[in-house]
Every structure is written in structure tokens, then in C-alpha cells.
Amino acid sequence: AWGPMIEALEAFEKQQAVLAVFGIVQPGEFRPPEVARLFQERVSEARSGDMRLYRASGPGGEQLGVAFEVNGKGRNGDVFGILALRPDRQTIRGLSFYRHKETPGYGGRIGTPWFSAKFEGKPIIGPDGTPGFGVSLRKPGPRTVDAITGATQTTYNVVDVINERIRQFMAGGRELTAVEIELPQNVSSDIGLSIGVPDLARPTGKPRPPLMVPEGTANIALGCPVAASDDMPIIGELAQVTDGVKEAGFGNFVELMDGLQWVQVDLGQPSEVYAVVFWHEHEEPRVYYDVIVRLADDAEFTRNVRTVFNNDRDGSAGLGTGDDLHYVDNFEGKLVLVGGEVARSVRLYSSGNNIEDVNRYTEVEVYGRPAEP
């Protein structure tokens, strides 16, 4: 007899948590009818594999990001939470464990703003491409979370739940397998540490770990048609962008005009996209400006256009201000994790580099697989 009331309360708790991690409401601010109204107006639901995603918008329609459930086993029972990412889909915006059975005053602190603040602003992917966090018993760092005093086991359990859901999110809700990205020869001994570009990501000095993606994922861009804002390249032909040749040197790249330019790969059908890897011109270290990667559901690039990487720090490209860092273009290329977004076309922007104003592309790879009906 109490079933409908319990279900309504659980729905209210979840909806309130989703709105809270996006900063739309504060817990306890509104009663259930108002929370339900705001949820309907500001949140849309979608699925990625077996995961339910929540996309939220601001009062002006601007995208606030995407969220997903982080449910699993705590120390004393099941925990239920929501983790929200910023629009870049790589930085944590908010976290809320809205229901749990952990000990009050100890493990129960996972449900407090104090615990959630440990995660806010942290990237879900490390510099080496590894998703998730570790637990620190002493001093927290950019890839670790300080353990709760007196509740270390609860901290470990909850962080394991978060890490598992992050890995599942990045894999579109499926089991992962390793895919090796074949790299060209490294012909540049200088890794570019002396380049005087602000907001520059520091090279790790370590090989990139294997790309973890669902089984059946491959480079589906190989041989696909390529379009560009400059349809008459200064050097090369657009087909070279997806011909599989990644080696540095003249004859292997396409050179477009000065200013903001783009190349676009048509995958030919709706596809689950898990990563985009691209090489501009890596014979010598360069930093390309206004590097933006966008997806669309059609070949004309008009339907459901969204951005998955943007290091245009000043918004000069007119596609929004980006939070991603500049990087040194080298033989490893730039890896952008996408997380199983379904798209047909991938478009990549740039606006010259720190050496000259032209835009060069050696190769673009898109790791994905045909989308399920």
C-alpha cells in the first residue's frame, strides 16, 4: 500500500539530486511539485548503452553539462548518487550521494557538501588517459581524493563506485577492451617545453596507455570522405586526411589557408564515437590555436551539433570559450575521448599555430563502431 508513496519519494530524491549537481536548486529548497516542474523544464534524459544520462540547461537554454548515476556498494549498504560533468564532459561539475546507509558522522559524510567539494573541478581523465581517481591517506592531489577520517573503507568503496561509473560512461555503458593506436615515427627530439604559449599542457614524458573502448571499436574514419572550409588546399588533397598515412614530412599533410579553418569527416552512417585522434603537422613541435572538435548527426553538419573539445581560451573562433588546454602537437597526435556519442560527422577547427598562420592536417582517426538501432 505504501509502494506508490515510496516510489514518489525516491523519484523526488533523484530529481532533486540531479538539479542540485547542476546548481539549479539547493537540497531542501523546493517541495516535490516544484522540483518535478523544474526537472521537466530543465533536464532531458537519454541513454548511452546501459546508462541513463541527464542533460541540463540553464535559464537561457545554455548547456550545463551531462550527469549520470553513481550507484553501488558502500561499506554498510547500497549508495545512490549523481555525478555531473561540465559541457566538456571531462571535468566534474557536481556530486551528490542523496541516499546511503553509512554511519552518521563518519562514512555518512559522503552525503555532505564537504565530501562533494573534494571532486568538483577535477578532470575525470588523467594526463595519461586513465579515467578515475585514487584515494590518499595523507595529502590529496589532482588525481586523488583525501580519505574520510574514521571512514577509510567507505571512502575506498565510494571512489571505486565513482571510478567504475566513469569508465562505463567513457565506454558508452559497455565492457572495455584495449585498442592500440598505431603511431608514426617520432622525428622531433624537442618536446616543446620552451614554447611560450599560455595555458599549455605539460607533456607527461610517458607513453600513452592503450585506448580502452567497447569491443568492436576501430578507426571508422579510414577512407571516409573529407570536406573543408577551404575546398582548394594550398598543399595536398583533402582525401589525405583519412588515408591512414600519419608520418611527418612534406607530401603527407594538407595545408589550408590562414585564419580559422576546418576539416570534416563524414562517417557515412550514425556511429558510436569513443575517441578522435588527430595529427596536424608533427615534424617539429607546434601549438595550434583554437583547436575545436565538434560532432553532428548529419553530413550537412546542422543537426545536434555539439562540442567535445575546445581550447579556444578567448572565444575568438565564435564557437564559445573553451576550458581545454593548449598542447604540443607531436607524433602521438591529440587524443580526445568522446564517450560513445552517436554522430555521423566530425569537424575539427584550428586557427594557425605558434610558428605560422596556416593550418595543416596530416591525419584524423575516429574510433567508434556503427550505432545500434
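Remember, predicted model here, so these are calculated numbers, not experimental data. Nothing fancy with the numbering, it's 1 onward along the sequence.
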**Q** More than 12 non-hydrogen atoms from neighbouring residues, nucleotides or ligands closer than 6.0 Å to CD on Glu34, yes or no?
**A**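 Yes, enclosed.
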**Q** Glu41: which residues meet the salt bridge (charged side-chain N to carboxylate O under 4.0 Å, His left out) condition with it, sequence neighbours left out?
**A**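 Listed in chain order: Arg37.
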**Q** Test: side chain to side chain donor-acceptor pair (under 3.5 Å). Region: residues 3-13. Which pairs qualify, not counting sequence neighbours?
**A**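 Residue pairs with at least one partner in residues 3-13: Glu13-Arg99.
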**Q** What about Phe331 and His282, are their ring centers closer than 6.0 Å?
**A**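 Aromatic pair excluded; centres sit 6.0 Å or further apart.
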**Q** Would you mind listing the cluster partners of Ile24? Hydrophobic ones only (ILVMFWY), side-chain contacts under 4.5 Å, chaining allowed.
**A**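 Ile24 shares its hydrophobic cluster with Leu9, Phe12, Val18, Leu19, Val21, Phe22, Val25, Phe30, Val35, Leu38, Phe39, Val43, Tyr54, Leu64, Phe80, Ile82, Tyr98.
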**Q** Let me see the working for Ser316 and Asp290 under side-chain hydrogen bond (donor to acceptor under 3.5 Å, both in side chains), right down to the final yes or no.
**A** CA-CA 8 Å; Ser316 58; Asp290 299 346; 3.2 Å; yes
**Q** Is a donor on one side and an acceptor on the other found under 3.5 Å between the side chain of His326 and the backbone of Tyr289?
**A**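 Such a contact is absent between His326 side chain and Tyr289 backbone.
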**Q** Would you please test Val158 and Thr155 for side-chain contact (heavy atoms from CB on, under 4.5 Å) and show each step?
**A** CA-CA 5 Å; Val158 168; Thr155 309; over 6 Å; no
**Q** For the backbone of Ser57 and the side chain of Arg42, can you confirm whether one donor and one acceptor N or O come within less than 3.5 Å of each other?
**A**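 Flag set: sc Arg42 to bb Ser57 pair under 3.5 Å.
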**Q** Sort out for me which residue in Leu85, Ile124, Val70 forms a side-chain contact (heavy atoms from CB on, under 4.5 Å) with Ile166.
**A**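 When Leu85, Ile124, Val70 are each tested with Ile166, the side-chain contact (heavy atoms from CB on, under 4.5 Å) holds only for Ile124.
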**Q** Aromatic ring centroids of Phe68 and Phe169 under 6.0 Å?
**A**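 Distance test on ring centres: under 6.0 Å, yes.
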**Q** If you take all heavy atoms of Tyr288 and Val358, which pair is closest and at what distance?
**A**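 That closest heavy-atom pairing would be CE2-O, 4.0 Å.
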**Q** Testing the basics here: between Ala317 and Ile292, what is the closest heavy-atom pair and its distance to 0.1 Å?
**A**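 Shortest heavy-atom separation between Ala317 and Ile292 comes out as CB-CD1, 3.9 Å.
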**Q** Around atom CD of Gln40, are there more than 12 heavy atoms of other residues, nucleotides or ligands at under 6.0 Å?
**A**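 No, the 6.0 Å shell around CD holds no more than 12 heavy atoms from other groups.
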**Q** Please determine whether the number of non-hydrogen atoms from other residues, nucleotides or ligands lying under 6.0 Å from atom CD of Gln269 exceeds 12.
**A**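 Yes.
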**Q** So do the side chains of Arg303 and Arg344 get within less than 4.5 Å of each other, counting heavy atoms only?
**A**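 They are not in contact (no side-chain heavy atoms under 4.5 Å apart), so the answer is no.
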**Q** Take atom CZ of Arg47 as the centre, draw a 6.0 Å sphere, and report whether it contains more than 12 heavy atoms from other residues, nucleotides or ligands.
**A**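 Counting neighbours around CZ of Arg47, more than 12 heavy atoms of other residues, nucleotides or ligands fall under 6.0 Å, so yes.
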**Q** Mark yes or no for whether Asp78, through its side chain, and Asn71, through its backbone, hold a donor-acceptor pair below 3.5 Å.
**A**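 Checked: no pair found.
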**Q** Considering only heavy atoms from C-beta outward, does the side chain of Lys334 approach that of Tyr327 to under 4.5 Å?
**A**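 The answer is yes; the side chains approach within 4.5 Å.
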**Q** Using a 6.0 Å cut-off, check whether atom CZ of Arg109 has over 12 heavy atoms from anything other than its own residue.
**A**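 Yes, enclosed.
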**Q** Short question: side chain of Glu215, backbone of Thr177 - any donor-acceptor pair under 3.5 Å?
**A**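 It does not hold such a pair.
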**Q** Check whether any side-chain heavy atom of Tyr349 sits under 4.5 Å from a side-chain heavy atom of Asn359, and report yes or no.
**A**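 Not touching, per the 4.5 Å side-chain cut-off.
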**Q** Which residue pairs pass the side chain to side chain donor-acceptor pair (under 3.5 Å) test when at least one of the two sits in residues 223-239, sequence neighbours left out?
**A**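 Sorted pair list: Ser229-Gln261.
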**Q** Any sub-3.5 Å donor-acceptor pair from Ser271's side-chain atoms to Gly368's backbone N or O?
**A**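 Not a single qualifying donor-acceptor pair exists.
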**Q** Thinking salt bridges, do Arg55 and Glu45 make one under a 4.0 Å N-O criterion?
**A**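 Result for this pair is no, no salt bridge flagged.
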**Q** Pick one: which of Glu255, Glu284, Glu283 meets salt bridge (Lys or Arg N to Asp or Glu O under 4.0 Å) with Arg360?
**A**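 Among Glu255, Glu284, Glu283, the one that satisfies the salt bridge (Lys or Arg N to Asp or Glu O under 4.0 Å) with Arg360 is Glu255.
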**Q** Sub-3.5 Å donor-acceptor pair from the side chain of Glu102 to the main-chain atoms of Arg75, do we have one?
**A**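 Indeed, once roles are kept as given, a pair shorter than 3.5 Å links the two residues.
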**Q** Any heavy-atom pair between the side chains of Leu337 and Ile125 that's under 4.5 Å?
**A**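 Yes; the side chains approach each other to less than 4.5 Å.
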**Q** Should we count CH2 of Trp114 as having more than 12 external heavy atoms under 6.0 Å?
**A**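 Yes, the 6.0 Å shell around CH2 holds more than 12 heavy atoms from other groups.
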**Q** Answer whether the closest heavy-atom distance between the side chains of Lys14 and Glu69 falls below 4.5 Å.
**A**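 They are in contact (side-chain heavy atoms under 4.5 Å apart), so the answer is yes.
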**Q** Within the distance-only criterion (no hydrogens, no angle test), does the side chain of Ser345 pair as donor or acceptor with the backbone N or O of Asp298 below 3.5 angstrom?
**A**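 Checking the backbone N and O of Asp298 against the side chain of Ser345, a donor-acceptor pair under 3.5 Å is found.
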**Q** Which atoms form the tightest heavy-atom contact between Asp312 and Gly320, and what is the distance?
**A**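 Looks like OD2-O, 3.9 Å.
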**Q** Report the residue from Arg89, Arg294, Arg347 that forms a side chain to side chain donor-acceptor pair (under 3.5 Å) with Thr307.
**A**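 Per the side chain to side chain donor-acceptor pair (under 3.5 Å) rule, the option paired with Thr307 is Arg294, out of Arg89, Arg294, Arg347.
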**Q** Can you confirm whether Gln16 sits close enough to Glu29 that some side-chain heavy atom of one is under 4.5 Å from a side-chain heavy atom of the other?
**A**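 Not touching, per the 4.5 Å side-chain cut-off.
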**Q** side-chain contact (heavy atoms from CB on, under 4.5 Å) between Arg93 and Glu120: does it pass, once the steps are laid out?
**A** CA-CA 5 Å; Arg93 181 186 183 102; Glu120 293 173 5; over 6 Å; no
**Q** Who pairs with Phe97 by ring pair (Phe, Tyr, Trp, His ring centres under 6.0 Å), at least two apart in sequence or on another chain?
**A**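 So Phe97 forms no ring pair (Phe, Tyr, Trp, His ring centres under 6.0 Å) with any residue.
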**Q** Checking Arg208 side chain against Glu332 main chain: does a donor-acceptor pair fall under 3.5 Å?
**A**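 Such a contact is found between Arg208 side chain and Glu332 backbone.
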**Q** Using modelled atom types and a 3.5 Å cut-off, is there a donor and acceptor pairing between side-chain atoms of Glu363 and backbone atoms of Gly244?
**A**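 Between the backbone of Gly244 and the side chain of Glu363 there is a qualifying donor-acceptor contact (under 3.5 Å).
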**Q** Could you walk me through whether Asp297 and Asn304 pass side-chain hydrogen bond (donor to acceptor under 3.5 Å, both in side chains), step by step?
**A** CA-CA 6 Å; Asp297 288 352; Asn304 194 21; 3.1 Å; yes
**Q** Measure the shortest side-chain to side-chain distance between Val291 and Phe278 over non-hydrogen atoms and say whether it is less than 4.5 angstrom.
**A**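 The answer is yes; the side chains approach within 4.5 Å.
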**Q** So do Val226 and Gln264 actually touch side chain to side chain, heavy atoms under 4.5 Å?
**A**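 With C-beta onward as the side chain, the pair stays apart.
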**Q** Checking Lys101 side chain against Gly108 main chain: does a donor-acceptor pair fall under 3.5 Å?
**A**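 No, the answer is negative, given that no donor and acceptor are paired below the 3.5 Å cut-off.
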**Q** Taking ILVMFWY side chains as joined if any heavy atoms are under 4.5 angstrom apart, and letting links pass through other members, which residues group with Val305?
**A**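 Result for Val305 is Phe301.
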